Amino acid sequence: MEPKKDKPWKKNLYENNGYEDNYTDENFLKDLKKNYNIREFTFLECFYGVTKVSQEISCVSLFLVIFHDLYVNTIQPQKLLFNSFVFTGFGYIAYIITDTEKIHNVIEDSKTVGVVLLFGYMFSPLLHTLTDSISTDTIFFNTFIILSFHLLLHDYGIDGFLVSKTVSLNCGIFASICLASRLSTTHHAFVLLVISAEVFVLKPLLFEKIWRPWMLIPMTAVTIFFLQNISQLLGSIYIIILTFINVIFPYIFQKLTHKKCTISGPWDEALIEDLNNETNKKFT
Amino acid sequence: MNICLASDFFFPNHGGVEEHIYNLSQCLLARGHKVIIITHSYGNRKGIRYMTNGLKVYYLPIRVFYNQCILPTMICNIPILRNIFIREQIQIVHGHSAFSALAHEAMQVGVLMGLRAIFTDHSLFGFADLSAVVTNKFLQICLAFTNHCICVSHTGKENTVLRARMPASSVSVIPNAVNASQFIPNPRNRASPDTNIITIVIVSRLVYRKGIDLLAGIIPYFKHQRNINFIIAGDGPKRELLEEIREKNNMQDRIQMLGALEHSDVRDVLTCGHIFLNTSLTEAYCMAIVEACSVGLHIVSTKVGGVPEVLPEYLNVILSSPDVRSLILALEETIAKIIRHRKGIIYDNEIVCPYEINQIVSKLYNWTDVAIRTEKVYKKVLDEPEKTLKDIMKTILSRSGFYLYLLVVSLCHLILKFMNWFQPSNQIDICHNYNQRSKEKQKTKL
């Protein structure tokens, strides 16, 4: 049957008498949108974004350096504790400056600190011996895996399938509890736990607010310095990893973005906007 | 023609696909074809059953794996499917629904045995998330076996062509249909015009995909319009949400929640209302609005997927974008129309008589028409040459590029060869056709 050309084909199911069922009009796939609302990133944008990842890697490395120094007894725990308190104090002031509203919370926050320190001190003998019976190799390997998970799940400011603040925080704390059992005294363990709380709990809160890409330079320098002190090899590995993450991966990502092809069209599931949205509230 | 419809979804299950298969098979039977249905066993319902007009249904002894589907092993069911196809002298295997593993297996075995395969797609799929990527890959492989594909709407066709890489010329669009005679209007069931009450009906499974969250945003808006009532039929995980909304807004007396309904009761519920509200977020065809339309209700629906293609606007249909605000505006417009009509102010053709609408719908969508159009597709594929193993493998490679699956196909082929030796087809009894004798008698009488 020849389609009757006098009546144009319409995209509906009730007016196309005379057209074959498998007739394909030139309007076919007219509503198809390719790469709809896709953003092309410049290399600098990618680089700035990825500094957050290398920052977290540096922090984890520094935490491990601190553990190493405690482990081989090259550092006094009291000294470390005092220094960390000083740094935390500065950090807290910076945190308040970013949002002066927070000044009302000072008393509340200091109470929390008190409670955490008290309970931390009370439970550190228990936490110190918690994983005592496990062999050192297992502990180190476990720490490596857990901290990798921490890095993988950490919130770098982008919503994603893998991002989970709680799991990532728990990974960090778990790793420090594992490591604490390798230290010589309960006091050492307590100091390590305090530091882990600073690195994994407080630091992300602060850096979320004040992080600027240039801060990577001092941070990297400090990390490289300490790692070189421990071993040449560690320092070089760290530098290689950092170049890959900061330069090569963003470059590849940026080069390959134009190959991305997402298809959207009328068959997509409609998204529901948030019902508690301001405009909707006014309307209803 | 001897046709086998295969799908995981069939009676005693209820739904769009089941309805489609049943009605299509009845119409094909009436047109003198031999139709059998293959599905998996449902609880106690196993073996061979005969349904209305001698429709033979095989409930195969295969375990349900997930979501009413069998485990897609691709090889385990070859012997039994081969046996059935030979016994029943099947020429065409017609699979239904992309989710049905049994349909894909039956089509694969059928094509490898030299039969023709047709596939009807009832659903739409996105391309965005990971699960879509995986299922689309599988569909590319499975549809490489089919000779022809049928979609229920043009949007569905675009979707299938994109995600399964079928050539557009071998995809037909044949919509679903309704039994308009089962959905005759009955305006007497409604609240009488003097009471000023307007009832909004929702018949749908209460799940996320049906946009129940939108509905939950709409209901509070009508809190203070005391003449607006709701009837909600259907059940599902989102029922609690609606009950909570109902309680929060003190609307217990104005919102009736009926729970799941038998399909035969839907008409009686529909006739109680003035407006039918459909809030689906994605829909290939949307049977519900066609049913409601043929009962003569005003339709307010979201404009998603294939919905805009289904009904013309002059049948009291208003489509809106899928958000709370536009849906409320569309409802307000419809309510204003009904009130104007009650007061006797009528603009030209603003409201069409329900009985007239029923007539129009029955002309637009009826199963006989669907069966005739499907039959055309059957005739067409029977004229096509048989697919050789080489053809099949080539299509799989060109569409999906998935080399590993060639091994599965070859294994299936070898198993079929083995079965041909182990149980030659001339040793399989050919079964008698139901009603054959009485039909012949009728013919001789005539």
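All values below come from the heavy atoms of this structure, side chains included, with hydrogens, waters and symmetry mates left out. Only a predicted model underlies this, so the values are computations on that prediction, with no experimental measurement involved. Just so we're on the same page: letters track the sequence lines, and every chain starts at 1.
- Annotation for Ile248(A): atom CD1 counts as buried by contact number, over 12 foreign heavy atoms lying within 6.0 Å.
- Minimum interatomic distance between Gly126(B) and Asp268(A) (heavy atoms only, all atoms of both residues): CA-OD1, 3.6 Å.
- In this structure, the portion of Val152(B) lying under 4.5 Å from any heavy atom of chain A is its backbone and not its side chain.
- Among Pro322(B), Pro312(B), Pro308(B), the residue with the largest count of heavy-atom pairs under 4.5 Å with chain A is Pro312(B).
- Note that CG of Leu32(A) and CG of Asn159(B) are 10.5 Å apart. Values are rounded to the nearest 0.5 Å.
- Considering CG of Asn22(A) and CD1 of Ile150(B), their distance stands at 10.5 Å, rounded to 0.5 Å.
- If you measure heavy-atom distances from Lys363(B) to chain A, you find no contacts under 4.5 Å at all.
- The contact between Leu311(B) and chain A is made entirely by backbone atoms, counting heavy-atom distances below 4.5 Å.
- With a threshold of 4.5 angstrom between heavy atoms, Asn16(A) approaches chain B through side-chain atoms but not through N, CA, C or O.
- Atom NZ of Lys30(A) has 12 or fewer heavy atoms from other residues, nucleotides or ligands within 6.0 Å.
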Show, in sequence, the C-alpha distance, side-chain angles and deciding distance for Arg163(B) and Ile263(A), and conclude whether the side chain to side chain contact (heavy atoms under 4.5 Å, CB included) test is met. CA-CA 10 Å; Arg163(B) 60 194 239 255; Ile263(A) 313 173; over 6 Å; no
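- Atom CG of Asp323(B) sits about 11.5 Å away from atom CG of Leu271(A), to the nearest 0.5 Å.
- Interface remark: Val173(B) contributes backbone and side-chain atoms alike to the contact with chain A (heavy atom separation under 4.5 Å).
- Ion pairing between Glu158(B) and Lys11(A) holds under the 4.0 Å rule for side-chain N and carboxylate O.
- Within the 4.5 angstrom heavy-atom criterion, only side-chain atoms of Tyr365(B), from C-beta onward, approach chain A.
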Would you give me the side-chain donor-acceptor pairs under 3.5 Å for residues 167-179 of chain A, sequence neighbours excluded?
from	atom 1	to	atom 2	distance (Å)
Ser168(A)	OG	His150(A)	ND1	3.4
Ser168(A)	OG	His154(A)	ND1	3.4
Asn170(A)	ND2	Thr166(A)	O	3.1
Ser176(A)	OG	Ile173(A)	O	2.7
Ser176(A)	OG	Ser196(A)	OG	3.2

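- Comparing Leu124(B), Val161(B), Leu281(B), Val377(B) by how many heavy-atom pairs each has under 4.5 Å with chain A, the most go to Leu281(B).
- Few gaps surround CZ on Phe140(A); more than 12 heavy atoms of other groups in view lie less than 6.0 Å from it.
- Annotation: maximal heavy-atom pairing with chain B below 4.5 Å, among Asn12(A), Asp31(A), Thr24(A), Leu13(A), occurs at Leu13(A).
- Most heavy-atom pairs under 4.5 Å with chain A: of the set Gly156(B), Pro175(B), Ser321(B), this distinction falls to Pro175(B).
- Applying the 6.0 Å contact sphere to CZ of Phe144(A) captures no more than 12 heavy atoms from other residues, nucleotides or ligands.
- Note that CZ of Arg373(B) is 10.5 Å distant from CD of Glu20(A), once rounded to the nearest 0.5 Å.
- Residues Phe28(A) and Ala168(B) approach most closely at CE2-CB, 4.1 Å, considering heavy atoms.
- For Phe149(A), the CZ atom is loosely surrounded, since the number of other residues' heavy atoms within 6.0 Å does not exceed 12.
- A 6.0 Å sphere centred on CG of Leu256(A) holds more than 12 heavy atoms belonging to other residues, nucleotides or ligands.
- In the displayed structure, His224(B) atom NE2 is contacted under 6.0 Å by at most 12 heavy atoms of other residues, nucleotides or ligands.
- In terms of non-hydrogen atom pairs under 4.5 Å with chain A, the most contact-rich of Ala132(B), Ser153(B), Ser172(B), Cys151(B) is Ser172(B).
- The distance from atom NZ of Lys34(A) to atom CZ of Phe127(B), rounded to the nearest 0.5 Å, is 10.5 Å.
- Within 6.0 Å of the CZ atom in Phe244(A), the count of heavy atoms belonging to other residues, nucleotides or ligands does not exceed 12.
- Across all non-hydrogen atoms, the minimal contact from Lys157(B) to Tyr23(A) is NZ-O, 3.2 Å.
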Determine, stepwise, if the pair Asp25(A) / His154(B) fulfils side chain to side chain contact (heavy atoms under 4.5 Å, CB included). CA-CA 10 Å; Asp25(A) 196 64; His154(B) 294 290; over 6 Å; no
